[in-house]
Engineer: 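One structure follows; several queries about it will come next.
Residue numbering restarts at 1 for every chain, and letters A, B, ... go by the order of the sequence lines. Atom set for the values below is all heavy atoms of this structure, side chains included, hydrogens, waters and symmetry mates excluded.
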Protein chains: 2
Amino acid sequence: MPSSTVENYLKQIYLEQQPLGGSDLVPMGRLATAMAVTPGTATTMIKALAEANLVTYEPRTGVRLTKAGEQLALHVLRRHRLVELFLVKVLGLDWSEVHDEAEHLEHAVSDKVLERIDAYLGHPSVDPHGDPIPTSKGKVTPQKLQSLAECDLNQPLRIARIADQEPAFLQFLHRSGLIPGVALTIQSRDPHADSVLLKLANKSPLSLGTAAAAKILVEPA
Amino acid sequence: MPSSTVENYLKQIYLEQQPLGGSDLVPMGRLATAMAVTPGTATTMIKALAEANLVTYEPRTGVRLTKAGEQLALHVLRRHRLVELFLVKVLGLDWSEVHDEAEHLEHAVSDKVLERIDAYLGHPSVDPHGDPIPTSKGKVTPQKLQSLAECDLNQPLRIARIADQEPAFLQFLHRSGLIPGVALTIQSRDPHADSVLLKLANKSPLSLGTAAAAKILVEPA
DNA sequence: ATACTGACTTTGATTAGTCAAAGTCAAGGT
DNA sequence: ACCTTGACTTTGACTAATCAAAGTCAGTAT
């Protein structure tokens, strides 16, 4: 069995690999920062993972998951996201605090318990943040979502996913009513002011910076 | 925060200390066996725990929890037993398999999640095996139970607790209907044959060896 | 071309937890 | 009293994961 450290590295490589457009190399510096370790530590670890055929490693260039590494990463992600949803739906924890809890529990939950949780929740497809939950076979249905920073104006939209786990940011979104499932339209976008003006039903217009808007993913309503 | 290894040592010392009648010294050999480590490993660990004032250590004699060590042990035990009950009651896992699951989860559950579980279960006082659940303040209400190997004949009794976690043994008990809450009487006891003859309502008499009978704790019905 | 810079790798050391094997102690038998 | 035995402790070594600091490389700027 892989240690929880190994699981965390694989998960992180997967997460870093996604926004880079699929199967690109993740630079070591980026990984080291994400894992909050010194670059040397990441190098050592990655060499070990390469030895175990979980990643391919090109020195001074970066790292990429192998098929085996990706399957393991997706399994960890499945545990993480099912646990998050379980904590919210069953134990009533707050949206904003479950990420850190799940960070620990994802390494302690057995397959047996995980499948019970999955069944109890009715085989859900997304977690409380809208992140897709991989299947037990390691498949993720690709979402084709746009962020509020890039999609068209005046179209009926629905929030599908929040691409950030910061408790403070999530709490702000909750206070503002910007949670997955909510309908809205973009009234205007001002590149100079670096801001987006939103309109939610029964609410006064709300202005968001581009950086924040980019973390809110939507689909046509 | 104590590592899960430290938590396991403290929990084990507590469990070994109980049958020895309260606050006796636990011999190092016994502890090493229970922890499945070599004697030298246990010695090293215990010296570190003594340094941290979690145990008092008398070389070549044994080890005993301090107040601080006992509080920590009870906190771990609370997590373990609440998790066990949660797995049985909510996720429908089998009585016999939850011990090993809880062994991992007890180190990953935060106080916040634990108290939610406690509330969800209605602040229970015993786990699925009848083991008492310490309060969040680290108090255990002492049970005054007798085992089937020692209590009176022909008295109406009720099973209160099973003092063993072996899955195979627990599965046998389940098949035989010997689970906490069940009423029975002892028909006879034969010291030479090393056996006890039980009578459950609506069942034919059942014979048990003394070693097994000693693990079944009962109270007057 | 040469040197600078920033990103990455190597090296040496540290901590937690462990084992194997050698050493030590205390208790009991002769 | 002495020796044996079994229980415990000490020692030396190992693995996983980490950091600090020194070393190296590749690309950019002069």
Engineer: Look at the side chain of A/R81 and the backbone N and O of A/P132, then say whether any donor-acceptor pair between them is shorter than 3.5 Å.
Structural biologist: yes

Engineer: Using the ring-ring contact (aromatic ring centres under 6.0 Å, His included) rule, pick out the option among A/H75, A/H99, A/H107 that qualifies with A/H80.
Structural biologist: A/H99

Engineer: With a 4.5 Å heavy-atom cut-off, do B/I159 and B/I179 have their side chains touching?
Structural biologist: no

Engineer: So what does B/T38 hit on the nucleic acid, given a heavy-atom distance under 4.0 Å: a base, only sugar-phosphate, or nothing?
Structural biologist: base

Engineer: Would you mind reading off the distance between A/L10 atom CG and D/dA17 atom C1', rounded to a whole angstrom?
Structural biologist: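 So the two atoms are 15 Å apart, to the nearest Å.
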
Engineer: Nearest to the side chain of A/M28, heavy atoms from C-beta on, is which of C/dT9, D/dA17, C/dG17?
Structural biologist: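 Of the candidates, C/dT9 comes closest.
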
Engineer: Figure out the CZ/P separation between B/R30 and D/dC8, and round it to whole Å.
Structural biologist: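 Answer to the nearest Å: 11 Å.
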
Engineer: If I take atom OH in residue A/Y57 and atom C1' in nucleotide C/dA7, what distance separates them, rounded to the nearest angstrom?
Structural biologist: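 Answer to the nearest Å: 11 Å.
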
Engineer: Rounded to whole Å, how long is the line connecting atom CE of B/M35 with atom C1' of C/dA16?
Structural biologist: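 The answer, rounded to whole Å, is 14 Å.
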
Engineer: How many Å lie between CG on A/L31 and C1' on C/dA7, as a whole number?
Structural biologist: 14 Å

Engineer: Looking at A/I13 and A/V26, what are the two nearest heavy atoms and their distance?
Structural biologist: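 Looking at all heavy atoms of both residues, the shortest contact is O-CG2, 3.9 Å.
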
Engineer: Can you find a side chain N or O atom of A/S3 that sits less than 4.0 Å from OP1 or OP2 on D/dA17?
Structural biologist: yes

Engineer: Output the rounded distance in Å from CD (A/E7) to P (D/dA16).
Structural biologist: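 About 16 Å, once rounded to whole Å.
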
Engineer: CE/A/M45 to NZ/A/K47 distance, rounded to the nearest 0.5 angstrom?
Structural biologist: 13.0 Å

Engineer: Give the rounded distance in Å between these two atoms: CD of A/E51 and P of D/dA16.
Structural biologist: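 The answer, rounded to whole Å, is 12 Å.
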
Engineer: Would you please say whether a donor-acceptor pair under 3.5 Å links the side chains of B/S195 and B/D190?
Structural biologist: no

Engineer: Please figure out whether A/Y9 or A/R60 has its closest DNA chain D nucleotide nearer the 5' end.
Structural biologist: A/Y9

Engineer: Give the residues of residues 39-47 of chain A touching DNA chain C, defined as any heavy atom closer than 4.0 Å, sorted by residue number.
Structural biologist: A/P39, A/G40, A/T43, A/K47

Engineer: Starting at NE2 of B/H107 and ending at P of C/dG17, how long is that distance when rounded to a whole Å?
Structural biologist: 12 Å

Engineer: Hey, which sits more toward the 5' end of DNA chain D by its nearest nucleotide, B/E58 or A/A36?
Structural biologist: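 In this pair, the answer is B/E58.
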
Engineer: Could you check whether the rings of B/F86 and B/Y120 sit parallel, tilted or perpendicular, using 30° and 60° as the cut-offs?
Structural biologist: perpendicular

